Amino acid sequence: MAGIYIHIPFCKQKCYYCDFYSLPGYKHKSKYIDALCKEIDMRKGFFNEQSVDTIYFGGGTPSMLYIEDINRILTTVKRTFNVSDNAEITFEANPEDMGYDFIPELLNIGVNRLSIGIQSFFDDDLLFMNRKHSSDDAVRCVERAASAGFNNISIDLIYGIQGLDIGKWEQNINRALSLPVQHISAYHLTIEPRTVFSHYLKRGIINVTEEEDSLEQFSLLIEKTEEAGFRQYETSNFAKEGFISRHNSSYWKQIPYLGFGPSAHSYSGSERMWNVRSVDEYIESVNKGTIPYTGENITPDMAYNEYVITSLRTMWGIDMNYIKQNFGDNRYTFLVNESSKFIDSRQLAIDNNKLVLTKKGQFIADNIMSDLMII
Ligand SMILES: C[S@@+](CC[C@H](N)C(=O)[O-])C[C@H]1O[C@@H](n2cnc3c(N)ncnc32)[C@H](O)[C@@H]1O
Ligand code: SF4
């Protein structure tokens with residue numbers, strides 16, 4: 001089993017919170033698609049005979065591409081790798097791009113999962129975050145996608161932003177739950193360096209949300225999604241039965257993946273690689289026949305830490321047998337010792353030899369993780 005991520009590094013405008021690598025506008029778009037297809041060819045053999053079970057178009061803004069470009073990329077992937085017949089093929093889309101023709105065209109070329117960035121159903125919040133679409137655009141986009149035949153739709157929401165009180169957040173959750181969606185990703189705002197929000201924060205133009213308010217919003221999210229039949233399978237991800245994202249799960253389950261395009265990451269099982277964060281450098285290097293990446297071998301401590309961090313955020317938790325078998329007795333004993341105080345305080349629980357966060361523990365997950373890691 002393996003996964004593929006394809007990065008589309010263009011956005012119409014930059015949202016004030018976002019640090020994902022993208023350039024405003026379409027500069028070099030066709031040269032970029034050529035280089036991307038070249039990189040895909042150059043990586044032939046990376047997975048040996050392993051089948052590719054998930055493909056994910058992320059960004060940036062994949063929905064800024066023409067359908068012909070998307071089809072060309074997908075065809076190149078399928079020609080180069082052994083893609084399973086039932087592969088999950090996800091496409092990140094911005095609501096303002098999803099016109100009538102585009103949605104069925106995506107279905108026709110084999111995309112079977114949409115991830116739509118909504119963030120909020122309040123136009124004032126959308127403006128505050130510098131989103132290009134309105135709340136109505138977002139609702140229309142989901143409804144069109146469902147009526148065109150998409151039956152695996154995810155939406156993204158953001159909470160913990162200035163001005164979003166608990167009442168507004170509840171309305172956002174209710175609106176999300178009233179739509180024909182099978183999956184919700186809801187992220188607490190992170191103020192990333194190099195973003196407009198980070199600059200605003202330094203100048204005192206915006207404030208960070210009080211921890212108490214963040215926790216109240218997170219609790220409400222967990223409660224309301226659960227009532228509506230969604231399962232929280234990861235801290236920020238909620239799915240109806242049968243709609244857990246196979247692609248995201250592969251990141252948490254140490255399944256190898258290849259990321260194409262500038263800033264994309266790859267993982268082979270023993271090495272991590274990340275491509276250069278520049279479209280220009282990327283195109284130039286790929287055209288000369290070299291993939292511009294930096295790599296590092298994963299040491300046993302790094303592998304242990306990554307496993308602990310990613311697994312703890314999921315409903316499957318940390319498999320203690322897996323720890324013992326793959327990371328040895330010393331790390332296993334370290335984990336048993338470090339986790340005991342959190343088990344006593346009921347922030348962690350042991351279920352079937354798996355260490356999982358309790359509801360109480362979810363609120364301090366970062367603190368727990370840092371104690372369970374080997375520094
Ligand atoms: C790659 S991004 C966006 C994809 C797509 N271009 C869009 O805007 O919908 C995926 C998601 O990450 C979330 N995100 C990005 N930066 C974030 C931040 N600083 N804090 C919280 N959520 C963030 C947003 O919900 C966003 O939809
Ligand atoms: S959230 Fe999406 S549209 Fe906004 S800047 Fe990030 S990638 Fe671009």
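Whatever order the structure lists ligands and atoms in, that order sets their numbers, starting from 1. Predicted, not measured: the structure shown is a model, and the values here were computed from it. Note that the numbering runs from 1 along the sequence shown for the chain.
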Report the relative orientation of the aromatic rings in Tyr200 and Phe197; use parallel for angles under 30°, tilted for 30 to 60°, perpendicular for over 60°. tilted
Mark the output for Gly58 as yes if a heavy-atom distance to ligand 1 is under 4.0 Å, and as no if none is. no
Where does the angle between the aromatic ring planes of Phe327 and Tyr304 fall among parallel (under 30°), tilted (30 to 60°) and perpendicular (over 60°)? perpendicular
Show the nearest heavy-atom pair for residues Asp329 and Lys324, with the distance to one decimal. OD1-CE, 3.6 Å
The protein heavy atom nearest to atom 5 (S) of ligand 2 is Cys15 N, 3.3 Å
Which bit of Cys11 gets closer than 4.0 Å to ligand 2, counting heavy atoms only: side chain, backbone, both or neither? side chain
On the 0 to 90° scale, with breaks at 30° and 60°, tag the Tyr159-His188 ring pair as parallel, tilted or perpendicular. perpendicular
Out of Arg131, Lys12, Gln119, whose heavy atom is nearest to atom 24 (C) of ligand 1? Gln119
With backbone taken as N, CA, C and O and side chain as the heavy atoms from C-beta onward, which portion of Tyr17 lies under 4.0 Å from ligand 1: side chain, backbone, both, or neither? both
Could you please spell out the steps behind the side-chain hydrogen bond (donor to acceptor under 3.5 Å, both in side chains) verdict for Arg72 and Tyr66? CA-CA 10 Å; Arg72 183 177 158 207; Tyr66 292 126; over 6 Å; no
Gly59-ligand 1 polar pair, N/O distance under 3.5 Å: no
Starting from atom 5 (C) of ligand 1, locate the nearest protein heavy atom and write down its residue, its atom name and how far away it is, to 0.1 Å. Asn94 OD1, 3.1 Å
Is atom 6 (Fe) of ligand 2 under 2.8 Å from any N, O or S atom of Cys18? yes
Closer than 4.0 Å to some heavy atom of Glu192 - which atoms of ligand 1 meet that? 19 (N)
Quick check on Gly60 - does any of its heavy atoms sit under 4.0 Å from an atom of ligand 1? yes
Output the list of atoms in ligand 2 that are nearer than 4.0 Å to some heavy atom of Tyr17, sorted by atom number. 1 (S)
Considering the heavy atoms of Leu189, write down every atom of ligand 1 situated less than 4.0 Å from one of them. 20 (N), 21 (C)
In short, Ser266 meets Arg43 closest at the heavy-atom pair OG-NH2, 4.4 Å
Quick one about Asn94 and His133 (side-chain donor to acceptor, distance below 3.5 Å, no hydrogens or angles considered), yes or no? no
Going by side-chain hydrogen bond (donor to acceptor under 3.5 Å, both in side chains), Asn275 matches just one of His265, Glu281, Glu39. Which one? Glu39
The protein heavy atom nearest to atom 3 (S) of ligand 2 is Asn94 ND2, 3.2 Å
Does the pair Phe260 and Tyr282 meet the rule for a ring-ring contact (aromatic ring centres under 6.0 Å, His included), with working shown? CA-CA 10 Å; Phe260 296 107; Tyr282 172 81; 9.3 Å; no
Against heavy atoms of His188, which atoms of ligand 1 measure under 4.0 Å? 20 (N), 21 (C)
Looking at Phe10, I'd like to know if the NZ or CZ of Lys29 sits under 6.0 Å from its six-membered ring centre while staying within 45 degrees of the ring's axis. no
So is Gln119 in contact with ligand 2, going by heavy-atom distances below 4.0 Å? no
Gly60 near ligand 2 by a heavy-atom separation under 4.0 Å: yes
Measure from atom 26 (C) of ligand 1 to every heavy atom in Asp156, Thr190, Leu157 and give the option owning the shortest one. Asp156
So for ligand 1, is Tyr187 a polar contact partner (N or O within less than 3.5 Å, distance only)? no
Side chains of Glu92 and Tyr56, donor plus acceptor under 3.5 Å: yes
Assess whether side-chain hydrogen bond (donor to acceptor under 3.5 Å, both in side chains) is satisfied between Ser134 and Asp123, documenting all intermediate values. CA-CA 6 Å; Ser134 66; Asp123 287 341; 4.7 Å; no
Counting from 1, what ligand 2 atoms have a heavy atom of Arg131 closer than 4.0 Å? 1 (S), 2 (Fe), 3 (S), 4 (Fe)
